[in-house]
Amino acid sequence: MVEERNNGGKGWVGASLPRKEEDRLLRGRGKFAEDIKLREMLYLRFVRSPYAHARILSIDASAAEALPGVACVITGKEIAAETQPFIEIGPDHAQKIRDFPMAVDKAIYQGEPVAAVVAESPGIAEDAAEMVNVEYEALEPVVEAEEALTDRSVLHEAAGTNRVWNGVWEYGDVEQAFKDAAYVVNIDRLHFHRFSSTPLENNVIIGEWNPKDDRIYYGCNNSFPSFAIQFLAAHLKVHIDKIRVQTFDIGGSFGIKITSYPQMAVCALASKKAGGRPVKWVETRSEHMVASAHGNERTFRNTRVALDKNGVITAIDSKHIDDCGAYPRYEPLGCVIWSQVFCGVYRFKNARIDFWQAVTNKCPVGPNRGYSRMQHLWFLERVIDICAHEIGIAADEIRLRNYIRPEEFPYTTPNGCVYDSGNYPKMLEVAKGLIGWDEWRKKQIDAQHEGRMIGIGIGTTLDSGTNNFGQSQIINPYAPFSGNSQGANCKLDIYGEVVVAVGSCPQGQGHETTAAQVVADVLNIHPDLITVRTGFDTERNVHTGMSGTYASQFAVSGLSAVHGAAQKLKTEMKRLAAFLLETNEDELAFGVGEQGPEIKANATGKSINYWGLANIVNVNSAVLPESLYDVTLNCRYVWRAPFKVPDTKAKYGSLTLTYASQLHIAVVEVDRETFVPKIIDYVAVDDCGTVINPPIVEGQVYGATAHGIGAALMETCVYDEVGNMLTSTFSDYTPITSMNIPKIKYGHTSTPSPHSYSGAKGMGEGGAAPIHTISSALQDALFAHGIVINDSFNNADSIFRALKAHDGGQRAELVKLERKQASSAK
Amino acid sequence: MYPRPFFYHRASSLQEAVTMLSQLGTDAKFLAGGQSLIPLLKLRFANPKHLVDLSFIKNTSFIAENQNAIRFGAMTRHAEIEHSALAQKIPVLHDCAAGIADVQIRNRGTIGGSLAEADPSGDWANALITLDTTVHCLGKNGERSLPLKDFVTDAYTTALAHDELVKEIEVKIPPHGSGGAYIAFKRSAPVYPSASVAVQLTVQDSVCKEAAIALGCVGLTSIRAGEAEASLRGKSLNEKVIETASEAARAAADPQSDMRGSADYKRQLVVALVKRAIQIAMRRARGERVEGSHLYA
């Protein structure tokens with residue numbers, strides 16, 4: 001049993017309260033979008049392009065339409081005729097990209113929908129989809145971002161180029177730093193691979209276009225509906241307030257479900273064509289793997305690193321090329337989001353990053369857990385480890401010399417972000433203690449003598465949460481977003497039940513529980529006495545335009561809104577109780593009495609319970625004086641992050657509110673015969689400031705760690721040279737299973753955030769620490785064999801091939817170390 | 001899952017199943033555990049017009065000992081073999097059964113179905129080929145028995161006629177002094193192995209008298225590594241001898257590059273697995289109890 005109130009009696013925030021939603025979810029009693037059955041519902045099946053790049057010559061749907069049970073077939077051309085292309089966030093030529101939810105003239109990634117069949121049953125829809133005859137003319141595909149930038153074959157003819165975005169981030173005096181450097185390390189090419197998330201529940205959408213009033217209803221599992229409806233309204237040419245989106249329990253998203261709005265558009269348009277009958281689409285696993293969304297792939301070219309004689313990095317100069325797949329969609333926001341962690345956990349002040357993004361004939365990307373920042377943090381961790389090995393400094397030592405120091409917080413980065421708090425040396429110390437660093441170093445040396453390959457790696461990473469949407473203006477000065485907000489509603493219901501509604505749409509993060517903990521502390525009652533309504537519903541009017549569950553922020557934005565709403569409610573309850581109990585507002589005690597939750601007058605001992613309070617307002621209002629007519633006991637609060645719009649020219653400003661940090665250490669042995677990289681010891685230390693609920697935090701740390709280990713060693717989206725996706729099934733993609741997860745030792749440190757009311761920091765994404773850590777450990781194991789880890793994905797096969805093919809030469813091709821005569825940096 | 005429409009038939013005896021398939025023609029297929037067929041139906045890669053379900057036929061799922069042999073009804077599930085004390089008499093059987101796919105699939109998939117499917121990456125055909133295995137078949141002309149090596153003829157191809165099925169599998173219990181091992185290497189539980197190796201050794205006074213080595217997933221059918229076997233016979237099994245045998249096995253393998261690994265890597269895996277399987281087989285030949293099964297990346 002988990003001790004319910006282990007927070008030293010201080011309150012419910014911080015207590016290891018079991019999750020309120022656990023009973024429902026673990027017993028299979030959850031309610032998911034797929035569970036929703038509406039009257040006269042139809043089922044949709046997409047017809048998808050087998051080609052990565054092909055012109056659509058003709059579509060013959062007559063046989064499909066003639067099949068009994070088929071309501072209609074809808075094509076991309078039809079959609080283009082009655083809608084506007086989706087909003088493009090990118091500026092200039094990127095505005096000319098014409099993105100419709102289905103291919104119109106040509107398909108530009110394998111699996112892109114070209115038509116949709118709507119039928120009385122999913123089986124009939126699938127039968128009919130096979131009968132849709134599409135004639136294609138294959139075009140030249142481009143699957144590599146660097147190659148795409150040559151514009152040899154252009155995906156979006158109207159834009160005229162495959163380049164989506166380009167911008168330079170430059171701070172300090174980079175050239176001077178290189179002149180003064182004691183060492184310069186040149187790294188030719190590093191590559192962060194494309195992978196995704198594999199939520200248990202695929203995308204599910206019900207769309208209903210009501211012909212009576214042209215209102216659109218969605219029941220779905222999109223994880224950022226307030227973003228989706230902005231895209232949908234403009235595209236469908238309906239007023240945004242006429243779109244209702246409702247979500248239910250969601251079986252995981254990891255960001256990948258943010259970009260399901262194109263499929264949402266098709267469901268509504270298909271419903272309209274079918275006379276307003278609701279249309280449901282349940283994505284299959286194969287569809288999810290090929291055509292939902294993948295994480296961003298990024299290549300880092302011509303990196304130069306300047307260091308002083310102590311191995312302290314003084315400057316970095318590099319060109320980064322991001323691959324966003326066929327359509328930008330949420331992109332090019334990723335072109336700025338990485339800069340929330342511009343310098344990672346390190347102190348260097350001089351840097352120049354030339355950032356590019358290109359479209360390719362691959363599945364469009366979506367904000368996959370650790371979105372855009374993990375790629376950059378992996379790059380920085382690679383830089384640190386490669387420099388350490390080249391110069392001959394231990395991995396822990398070079399980090400200590402470069403970490404931002406505990407006394408420097410709040411720390412302003414070269415690009416104006418403010419790291420709220422942190423203590424990286426302390427985390428390193430805790431992690432080294434948990435893993436037994438010194439013993440492992442000894443064992444490693446012994447093992448090397450036996451010819452074994454054991455490596456010990458460190459990954460220090462950040463999980464920046466609660467972003468300033470103003471950073472979108474660095475991408476496009478005309479973007480109408482800035483700041484961040486979240487809404488919550490807290491009320492005494494008509495007969496006194498405490499009900500909290502949040503604007504988020506949780507996918508397993510325990511929002512019901514943590515919201516109840518916050519309110520329980522405000523009202524001094526048990527969290528079980530509080531009902532929390534999760535799930536997004538635009539008609540409930542709790543949300544703001546930023547609402548959703550994404551970007552590691554609920555502990556800050558969501559719970560700040562809940563806290564604000566609870567405070568508002570408490571203020572109203574006090575006014576009401578003071579009148580009824582004939583005392584002063586500051587002489588009241590909140591608590592639980594014989595008749596449930598109540599407010600008691602300190603002086604008289606008289607009390608009124610919540611039913612009594614609600615009753616007076618709602619049922620028995622004649623006793624109220626006019627001065628209390630404004631009391632509704634139904635309080636909405638909108639929390640706003642204290643952001644300013646960044647300086648878009650200088651690319652300078654505060655981009656995120658909180659910075660949780662993770663430090664992982666892995667010991668990895670590469671088998672000499674199978675070349676399997678086996679994790680033989682693993683530590684994950686997490687600092688997310690004040691912890692609201694320890695088991696919920698710990699669970700998310702394990703989840704993020706498993707996801708990262710999977711990404712580092714097992715999960716990769718592979719395309720062949722013509723754009724066929726070769727990993728479209730679980731047999732080929734091999735998502736990590738419990739059998740592949742080593743025992744993880746969990747450690748915790750806490751540096752409370754000065755930027756949130758509770759000291760909590762957003763967490764959950766985890767900064768992809770295992771990817772950095774395992775790359776680091778593998779390089780440590782293989783450096784003596786001439787291998788520098790230059791890819792974020794490594795498995796037995798790739799390690800075998802690297803060792804056999806290069807035989808000591810790979811490092812020489814990839815990395816050049818210059819030792820300079822000049823004196824070291826001042 | 002929404003396969004193309006098909007007619008579902010439930011046979012009440014193996015003889016009736018054979019008659020049904022014979023009458024329904026080439027658009028009909030037997031359905032055993034569905035380990036391969038159901039995913040193929042789901043993806044619409046296989047589109048039979050008729051399915052004849054064997055799951056409700058009595059006395060087709062059993063494990064029995066008979067005259068120094070263990071007999072398996074064709075419909076015996078992998079999980080039943082995994083948990084059978086009798087099957088433990090031949091450790092290779094447990095090695096194989098316990099590592100096939102995941103628990104749910106082991107509860108459904110059958111040994112007879114696996115052999116009849118003859119998937120080049122299937123486990124049973126490769127695990128049993130080093131043992132004295134006979135496949136008893138039933139067709140419209142009655143029963144016939146084939147040694148396993150004559151049963152599987154090519155990738156996804158067996159000696160079975162269209163309307164013929166596997167009735168029973170009979171595996172001779174190896175004599176005292178003989179030990180075997182089966183190791184398959186998989187990247188994760190639900191996937192096919194990248195490579196698998198079966199070894200059966202008869203050892204007398206620490207000299208190898210007889211050796212059988214089979215390689216799976218690295219050719220169209222299970223490959224017997226004849227040179228590797230020959231290199232062990234009459235030798236004392238030291239590290240150098242094992243090394244030679246494993247290198248001979250590398251040469252015998254004929255893999256394709258795919259998502260499970262490059263051809264060169266699969267050859268390397270064969271080397272590693274042959275070494276490990278020989279080590280385990282040697283110890284088992286000496287009468288030791290050794291746990292061994294599938295390896296995971």
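- Residue-environment remark: CD (A:Glu450) exceeds the threshold of 12 foreign heavy atoms within 6.0 Å.
- Looking at A:Thr737, the atoms closer than 4.5 Å to chain B (heavy atoms on both sides) all sit in the side chain, from C-beta outward.
- Contact between B:Pro3 and A:Asp127 at its shortest, heavy atoms only, is O-OD1, 4.2 Å.
- Just one residue in the list A:Asp797, A:Ile799, A:Asn795 forms a side chain to side chain contact (heavy atoms under 4.5 Å, CB included) with B:Tyr265, and that residue is A:Asp797.
- For a residue to count as touching a neighbouring chain, one of its non-hydrogen atoms must lie under 4.5 Å from one of that chain's; by this rule B:Arg260 does not touch chain A.
- When every heavy atom of A:Ser731 is checked against every heavy atom of B:Pro190, the shortest pair comes out as OG-O, 4.4 Å.
- Checking A:Met739, A:Met714, A:Glu715 one by one against B:Ser188, the side chain to side chain contact (heavy atoms under 4.5 Å, CB included) holds for a single residue, A:Met714.
- The most heavy-atom pairs under 4.5 Å with chain B, out of A:Val718, A:Thr729, A:Thr674, A:Thr727, come from A:Thr674.
- Within a 6.0 Å sphere centred on NZ of A:Lys37, heavy atoms belonging to other residues, nucleotides or ligands number more than 12.
- Taking chain A as the reference chain and counting heavy-atom pairs below 4.5 Å, the highest number among B:Arg44, B:Met259, B:Arg276, B:Lys42 is found for B:Arg44.
- Within 6.0 Å of atom CD in B:Gln88, more than 12 heavy atoms from other residues, nucleotides or ligands are found, so the atom counts as buried in its surroundings.
- Looking at A:Ser738, there are no atoms closer than 4.5 Å to chain B (heavy atoms on both sides), in backbone or side chain.
- Crowding of B:Glu288 atom CD: a count of heavy atoms from other residues, nucleotides or ligands under 6.0 Å exceeding 12.
- Here A:Asp671 does not pair with B:Lys275 in a salt bridge; the nearest charged N to carboxylate O distance is not below 4.0 Å.
- Of the listed residues (B:Lys266, B:Met1, B:Gln268), the one with the most heavy-atom contacts under 4.5 Å to chain A is B:Gln268.
- When the shell of 6.0 Å around CZ of B:Phe45 is examined, it contains 12 or fewer heavy atoms from other residues, nucleotides or ligands.
- Atom CD of B:Gln279 sits in a crowded spot, with more than 12 heavy atoms from other residues, nucleotides or ligands closer than 6.0 Å.
- If you measure heavy-atom distances from A:Phe800 to chain B, the contacts under 4.5 Å come from the side chain alone.
- Atom CG of B:Asp258 and atom CG of A:Asp732 lie 7.5 Å apart (nearest 0.5 Å).
- Ranked by heavy-atom pairs shorter than 4.5 Å toward chain B, the options A:Tyr733, A:Phe675, A:Phe730 are led by A:Phe675.
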